[in-house]
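Below: one structure, written as structure tokens.
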Amino acid sequence: MQNTPSLFARKLRDWRLTSGTHGRLTQEQLAERLGVSVEAIGKYERSLSFIRGDLEHRLAESLGWTRSEILACRADWQARQQGGKAGGYRLLDAALSETLFGGDWAAIGRAGTDLAKRAFGPLPPELSVCDDTLVPVYEAFPDHWGLVLQEDQMVGKWAVFFLTPEDEALFRSGRLIETDLTIDRFHRPLLPGTYFGYCPVLIVLPGHEAAATLLLSSFVQFLENLAAREVFLHGLGTISCSQGGDQICRDLGMTRLCDYFVSPDYGVWTLPGAAIARSIFTRRSPRLAALYADMFPPRP
């Protein structure tokens with residue numbers, strides 16, 4: 001959402017609160033480390049400004065940030081400054097959903113399923129993109145998925161919903177039938193704890209790879225919002241249906257569990273909670289990395 005803190009603000013504040021001698025630095029100490037004023041740090045953390053280009057190198061030299069992390073923060077900041085656009089890309093937020101869809105989340109859900117149909121083409125019945133099944137779920141859980149648009153066309157999407165233990169067992173055996181997952185078989189965690197997240201769709205249309213930065217940022221925000229309620233994923237799973245899907249799973253550090261029962265060309269992939277703590281998601285959020293490391297400490 002555009003009214004959420006910038007990626008730079010979140011990362012900088014998370015770093016400051018987790019990197020001092022006693023678990024946190026003051027804004028004054030961080031300002032001294034970066035060679036900027038305390039007022040500048042305050043503006044950074046309130047998403048009012050971004051570090052000057054000639055000072056970006058200090059994020060790497062003084063804070064240990066990687067070049068990819070700095071570039072992601074810069075791209076996110078530029079997108080915000082352009083009204084959510086970066087190279088023509090923008091993340092669907094509350095204001096944009098109102099402008100384009102009149103705030104109708106069912107209509108947005110149908111547009112999202114249309115994107116999946118364009119991206120995947122024909123699928124076996126067990127995985128077919130069914131509006132009757134998915135649109136009510138998207139409408140009921142609007143915070144469990146993200147969309148990226150170029151102009152007014154959707155070009156990227158992620159979605160994650162929580163499975164019951166019974167459906168998690170079906171997934172792990174390679175026999176989950178996605179079209180059977182009606183809204184009553186998903187749930188929203190009310191209590192702190194660990195849950196299994198199922199990703200029915202992760203799409204970046206060919207030629208729109210730059211949209212992945214915004215998609216990734218929105219998913220990290222989703223994980224951060226969950227962690228703020230002490231809700232964590234003990235596993236994240238998906239079913240790949242193409243070579244491109246396999247590659248995305250590998251890029252995310254997922255492990256292939258087994259073949260999906262309809263065809264050996266379809267794979268069942270997971271990322272356990274301990275691996276999330278070292279994943280591309282937590283590398284964008286030191287605070288999230290620390291919380292997941294505490295929840296899923298490495299085995300001796």
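Count residues from 1 along the sequence. Keep in mind that this is a model prediction, so the values were computed, not measured.
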[X] to [Y] - nearest heavy-atom pair and separation:
X: Leu291; Y: Ala227; value: CD1-CB, 3.9 Å
X: Ala289; Y: Ala277; value: CB-O, 4.1 Å
X: Tyr138; Y: Ala159; value: CE2-CB, 3.9 Å

With the 4.5 Å side-chain cut-off for hydrophobic clustering, are [X] and [Y] part of the same group?
X: Leu223; Y: Leu191; value: yes
X: Trp15; Y: Leu55; value: yes
X: Val220; Y: Val201; value: yes
X: Val160; Y: Ile203; value: yes
X: Leu7; Y: Leu59; value: no

Problem - side chain to side chain contact (heavy atoms under 4.5 Å, CB included) against Glu139, all qualifying residues, sequence neighbours excluded - result: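 With neighbours one apart ignored, the set is Trp105, Ala106.
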Exercise for the section: Go through the structure and list residues passing side chain to side chain contact (heavy atoms under 4.5 Å, CB included) with Asp114, not counting sequence neighbours. Expected result: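 Listed in chain order: Lys117.
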Is there any salt bridge (charged side-chain N to carboxylate O under 4.0 Å, His left out) pair reaching into [range], and which pairs are they, with sequence neighbours excluded?
range: residues 102-112; answer: none
range: residues 176-193; answer: Asp143-Arg188, Asp167-Arg185
range: residues 260-280; answer: none
range: residues 224-244; answer: Arg10-Glu224

Can you confirm whether [X] sits close enough to [Y] that some side-chain heavy atom of one is under 4.5 Å from a side-chain heavy atom of the other?
X: Val204; Y: Val155; value: no
X: Gln29; Y: Glu32; value: no
X: Leu149; Y: Leu91; value: no
X: Leu216; Y: Ile280; value: yes
X: Leu115; Y: Leu205; value: yes
X: Thr238; Y: Leu252; value: no
X: Val36; Y: Ile41; value: yes

Closer than 3.5 angstrom, by distance alone: can the side chain of [X] be matched with the main-chain N or O of [Y] as a donor-acceptor pair?
X: Arg24; Y: Thr18; value: no
X: Thr270; Y: Gly237; value: no
X: Ser279; Y: Phe281; value: yes
X: Trp65; Y: Glu61; value: no
X: Thr282; Y: Ser285; value: no
X: Arg256; Y: Val268; value: no
X: Glu45; Y: Gly42; value: no
X: Ser47; Y: Ala9; value: no
X: Ser128; Y: Leu123; value: no

Could you tell me the separation between the [atom1] atom of [X] and the [atom2] atom of [Y], rounded to the nearest 0.5 Å?
X: Ile239; Y: Leu257; atom1: CD1; atom2: CG; value: 10.5 Å
X: Leu63; Y: Leu30; atom1: CG; atom2: CG; value: 6.0 Å
X: Leu34; Y: Ser62; atom1: CG; atom2: OG; value: 6.0 Å
X: Phe162; Y: Tyr198; atom1: CZ; atom2: OH; value: 15.0 Å
X: Trp145; Y: Cys199; atom1: CH2; atom2: SG; value: 13.5 Å
X: Leu271; Y: Leu233; atom1: CG; atom2: CG; value: 9.0 Å

Got a sec, which residues hit ring-ring contact (aromatic ring centres under 6.0 Å, His included) with [X], two or more places apart in sequence or on another chain?
X: Phe232; result: Tyr292
X: His187; result: Tyr195
X: His208; result: Tyr89

Problem - Criterion side chain to side chain contact (heavy atoms under 4.5 Å, CB included) against Leu170, the qualifying member of Ile177, Leu176, Leu181 - result: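 Answer after filtering Ile177, Leu176, Leu181: Leu176.
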Handout entry: Set of salt bridge (charged side-chain N to carboxylate O under 4.0 Å, His left out) partners for Lys157, sequence neighbours left out
Key = none
Practice task
Given side-chain contact (heavy atoms from CB on, under 4.5 Å), test Thr194 with Met295 step by step and report yes or no.
Solution key: CA-CA 9 Å; Thr194 65; Met295 179 59 64; 4.0 Å; yes
Problem - Of Phe186, Phe222, Phe219, the residue whose pairing with His144 passes ring-ring contact (aromatic ring centres under 6.0 Å, His included) - result: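 That would be Phe222; it is the only one of Phe186, Phe222, Phe219 passing the ring-ring contact (aromatic ring centres under 6.0 Å, His included) with His144.
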Completion exercise
Those residues at least two apart in sequence (or on a different chain) that pass side-chain hydrogen bond (donor to acceptor under 3.5 Å, both in side chains) with Ser218 are Trp158
Practice task
Would you please indicate if the ring centroids of Phe8 and Tyr44 are separated by under 6.0 Å?
Solution key: yes
Practice task
Kindly state each residue pair satisfying ring-ring contact (aromatic ring centres under 6.0 Å, His included) with at least one member in residues 249-277, sequence neighbours excluded.
Solution key: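 Pairs touching residues 249-277 that pass the test: none.
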Practice task
Could you tell me whether Glu168 and Arg172 make a salt bridge, using a distance below 4.0 angstrom between a side-chain N and a carboxylate O?
Solution key: yes
